[in-house]
Amino acid sequence: MLPWDARRARAAGSQQASAQFPFGRRLPCDIYWHGVSFHDNDIFSGQVNKFPGMTEMVRKITLSRAVRTMQDLFPVEYNFYPRSWILPEEFPLFVDEVQMMKESDPSWKPTFIVKPDGGCQGDGIYLVKDPSDVRLTGSLQNRPAVVQEYICKPLLVDKLKFDIRLYVLLKSLEPLEIYVAKDGLSRFCTEPYQEPTVKNLHQVFMHLTNYSLNIHSGNFIHSDNANTGSKRTFSSILCRLSSRGADVKKVWSDIISLVIKTIIALTPELKVYYQSDIPAGKPGPTCFQILGFDILLMKNLKPMLLEVNANPSMRIEHEQELSPGVFENVPSPVDEEVKVAVIRDTLRLVDPQKKKRKDIQEKFLAWFADGLEYDTSKTTEAGLPSLCLKQVFPKYAKQFNYLRLVDKVAALFIRFLGVKGTTKLGPTGFRTFIRNCKLSNSNFSMASVDILYIDITRRWNSMGIDHRESGMCLQAFVEAFFYLAQKKYKSLPLHEQVASLIDFCEYHLAALDEKRLVCGRGILERRSAVATSQTEGLQLTASAHNTPPKAQSHS
């Protein structure tokens, strides 16, 4: 853990903005910069550069499940993610669906890309033409993976395939706040692209854009120019496309839409992780995180999401071999241009002193309006370039809020979890959800509720979902909720069924909350009345004891 001790640097007047504490420290910090994931349970304040659960959420399988849920609800809006199957549990489904598609369209000659769930930097990725491929069937039980339809017609530049690494700042989960870097990196393959055939499937330098793979190619070109080489700025690619008459504004708009929709798919489960690690009402840090989105442009300029990286590399140099076995770290101007700006502006956006300085600045500006001289350079970010991070949410919230149905389902799930710090719903919690939302009736008894809970929970747990806790995970609850919505509102499209059931549940829960509030007020009023009468009784008794006896008359 590397805490960011901004106060110490300011107090010392040093140009060094941070201090490293590899073994931790006792005094609290403004910002904690973790290397891999949210892992320090002793942080009670400040800000942490990782969200709990993010590393798990962007793994190949979890990401595919999250996007698929959104594709079920909004197939058109989420068509930027390739058709995917999760192995090994969906291998029979994969075989059957491919066979059906081939029979319906004999001209379809697909290629599939297999990505191991825990792989990174291109490790273990390979291409196949048919589900019967020996490597595919032989590795099923050893390494869970996602198999996707390979994008055979990518946009080419200089006859080479490339992808885009775009940096995205998730500044806040609640409320949702997203920033996208105005520039990114374009990472090129090192062999001219050809559509996949049985003969060239194994040529990774032609088909895989991973920098960590292509760096080992003899054709890899390190360049100090952002417009040339095997790694370039994305802005240089856009300039080139613009010169050819492409609508680069639409390209950017489509990419921003892809980013927002992907994060909307991830936030429901992230909120479950968040409340587990940082329960509401208890002291804890706030979180932010820089994500690396890997995006491929198709020949028609449609962006497709390849994957999301929770820990994108921020290195700004590369190794250069001076002589056999002797390497030297050499600066990479392209990396430096993009990455330094992203980190600098992330720290500017999460700076805990920013609001305080803004308040002081406004105060001094008010004085300046009254005729006092004031040097604004002392309280503004004088000398710093404009932010490279552009806010896209909540800026465009009105266009995308209708997609946040699963967020509302997750809110219901969290409400009925019961025990703080847990991520799974027990049978009692599920029954309480059904009763409080008035979802049981003569056609759907509580016995049916129990069977539904057992069947769905058992199936999800058999998929290798986290076994540290027993119970129903969020994905299982979402499946149960969709089932209930389809059962109750049969004639509507799925997203309207789900939206209607959410409204139904929220209405009954709001009525229940109001009833409890009224009852609570009544109890308080009765207690207050009892206390008042008891006090008055005590006062009367005391008065009776203190009254002097009447004088006896003598006849």
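Throughout, numbering of the chain's residues begins at 1 and tracks the sequence.
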Apply salt bridge (Lys or Arg N to Asp or Glu O under 4.0 Å) to Glu195 and list each qualifying residue two or more places apart in sequence or on a separate chain.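 In terms of salt bridge (Lys or Arg N to Asp or Glu O under 4.0 Å), with neighbours along the sequence ignored, Glu195 is linked to Lys153.
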Could you tell me whether the side chain of [X] and the main chain of [Y] form a donor-acceptor pair under 3.5 Å?
| X | Y | value |
| --- | --- | --- |
| Ser253 | Val251 | no |
| Asn210 | Ser212 | no |
| Ser236 | Ala226 | yes |
| Asn214 | Cys189 | no |
| Glu90 | Trp85 | no |
| Asn219 | Glu191 | no |
| Asp158 | Leu160 | no |
| Gln289 | Lys171 | no |

Between the side chains of [X] and [Y], does any donor sit under 3.5 Å from an acceptor?
| X | Y | value |
| --- | --- | --- |
| Thr209 | Asp163 | yes |
| Ser107 | Asp105 | yes |
| Lys115 | Gln148 | yes |
| Ser276 | Thr423 | no |

Check [X] against [Y] and note the closest heavy-atom contact, atom names and distance.
| X | Y | result |
| --- | --- | --- |
| Gly53 | Leu270 | C-CD2, 4.0 Å |
| Leu291 | Ala310 | CD2-CA, 4.1 Å |
| Ala485 | Leu501 | N-CD2, 3.5 Å |
| Pro196 | Thr111 | CG-OG1, 3.4 Å |

side-chain hydrogen bond (donor to acceptor under 3.5 Å, both in side chains) against [X], all qualifying residues, sequence neighbours excluded:
| X | result |
| --- | --- |
| Tyr193 | none |
| Ser332 | Asp335 |
| Glu336 | none |
| Gln71 | none |

Less than 4.5 Å apart, side chain to side chain, heavy atoms only: is that true for [X] and [Y]?
| X | Y | value |
| --- | --- | --- |
| Ile178 | Leu169 | no |
| Arg68 | Met70 | no |
| Phe188 | Leu156 | no |
| Tyr274 | Ile414 | no |
| Ile215 | His222 | yes |
| Pro285 | Ile278 | yes |
| Ile263 | Leu176 | yes |
| Leu403 | Leu73 | no |

Starting from the C-alpha separation in whole Å, work towards a yes-or-no answer on side-chain hydrogen bond (donor to acceptor under 3.5 Å, both in side chains) for Glu103 and Gln99. CA-CA 6 Å; Glu103 290 175 357; Gln99 184 61 35; 3.1 Å; yes
Between [X] and [Y] (salt bridge meaning N to carboxylate O under 4.0 Å), is one present in this structure?
| X | Y | answer |
| --- | --- | --- |
| Arg232 | Glu337 | no |
| Arg65 | Glu89 | yes |
| Arg348 | Asp345 | yes |

Atom OH of Tyr402 with >12 non-hydrogen neighbours under 6.0 angstrom: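 It does: Tyr402 OH has more than 12 such atoms within range.
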Below 30° counts as parallel, above 60° as perpendicular, anything between as tilted: where do the rings of Phe94 and Phe112 land?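 Rings of Phe94 and Phe112: perpendicular, over 60°.
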Using 30° and 60° as the class limits, which term best fits the ring planes of His207 and Tyr150: parallel, tilted or perpendicular?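 Rings of His207 and Tyr150: perpendicular, as their planes differ by over 60°.
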What residues form a side chain to side chain contact (heavy atoms under 4.5 Å, CB included) with Asn49, not counting sequence neighbours?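 Expected list: Trp33, His34, Phe288.
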Apply side chain to side chain contact (heavy atoms under 4.5 Å, CB included) to Ala181 and list each qualifying residue two or more places apart in sequence or on a separate chain.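 If we apply the side chain to side chain contact (heavy atoms under 4.5 Å, CB included) test to Ala181, skipping adjacent residues, the hits are Tyr167, Val342, Leu389.
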Before you tell me yes or no, could you show the steps for Ser230 and Thr190 under side-chain contact (heavy atoms from CB on, under 4.5 Å), namely the whole-Å CA-CA distance, both residues' side-chain angles and the distance that decides it to 0.1 Å? CA-CA 7 Å; Ser230 298; Thr190 46; 4.0 Å; yes
Listing request: all salt bridge (charged side-chain N to carboxylate O under 4.0 Å, His left out) pairs with a residue in [range], at least two apart in sequence or in separate chains.
| range | result |
| --- | --- |
| residues 406-415 | Lys271-Asp407, Arg404-Asp407, Arg415-Asp513 |
| residues 286-296 | Arg165-Asp294, Arg187-Asp294 |
| residues 491-501 | none |
| residues 246-268 | Lys250-Asp254 |

Side-chain atoms of residues 57-64: list all donor-acceptor pairs with protein atoms under 3.5 Å, sequence neighbours left out, distances to 0.1 Å.
unit_1, atom_1, unit_2, atom_2, d
Arg59, NE, Asp117, OD2, 3.2
Arg59, NH2, Asp117, OD2, 3.1
Lys60, NZ, Gly119, O, 2.8
Thr62, OG1, Glu56, O, 3.1
Ser64, OG, Lys60, O, 2.9
Ser64, OG, Tyr81, OH, 2.8

Cation-aromatic face contact Lys231/Tyr211, 6.0 Å, 45 degrees: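 Output yes; distance and angle both within limits.
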Before you tell me yes or no, could you show the steps for Val146 and Leu87 under side-chain contact (heavy atoms from CB on, under 4.5 Å), namely the whole-Å CA-CA distance, both residues' side-chain angles and the distance that decides it to 0.1 Å? CA-CA 6 Å; Val146 168; Leu87 307 181; over 6 Å; no
If you apply the rule side-chain contact (heavy atoms from CB on, under 4.5 Å), what do you find for Phe393 with Asn401, and how did you get there? CA-CA 10 Å; Phe393 201 97; Asn401 273 339; 3.5 Å; yes
Checking Asp130 against Lys102 for the salt bridge (charged side-chain N to carboxylate O under 4.0 Å, His left out) test, could you report, in this order, the C-alpha distance in whole Å, the side-chain angles of both residues, the deciding distance, and whether it holds? CA-CA 11 Å; Asp130 192 85; Lys102 284 184 175 181; 2.8 Å; yes
Taking the six-membered ring for Trp, are Trp460 and Phe477 ring centroids under 6.0 Å apart?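 Ring centres of Phe477 and Trp460 not closer than 6.0 Å.
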What do the steps show when you test Val198 against Lys129 for side-chain contact (heavy atoms from CB on, under 4.5 Å), and what is the final call? CA-CA 7 Å; Val198 175; Lys129 294 294 288 183; 4.2 Å; yes
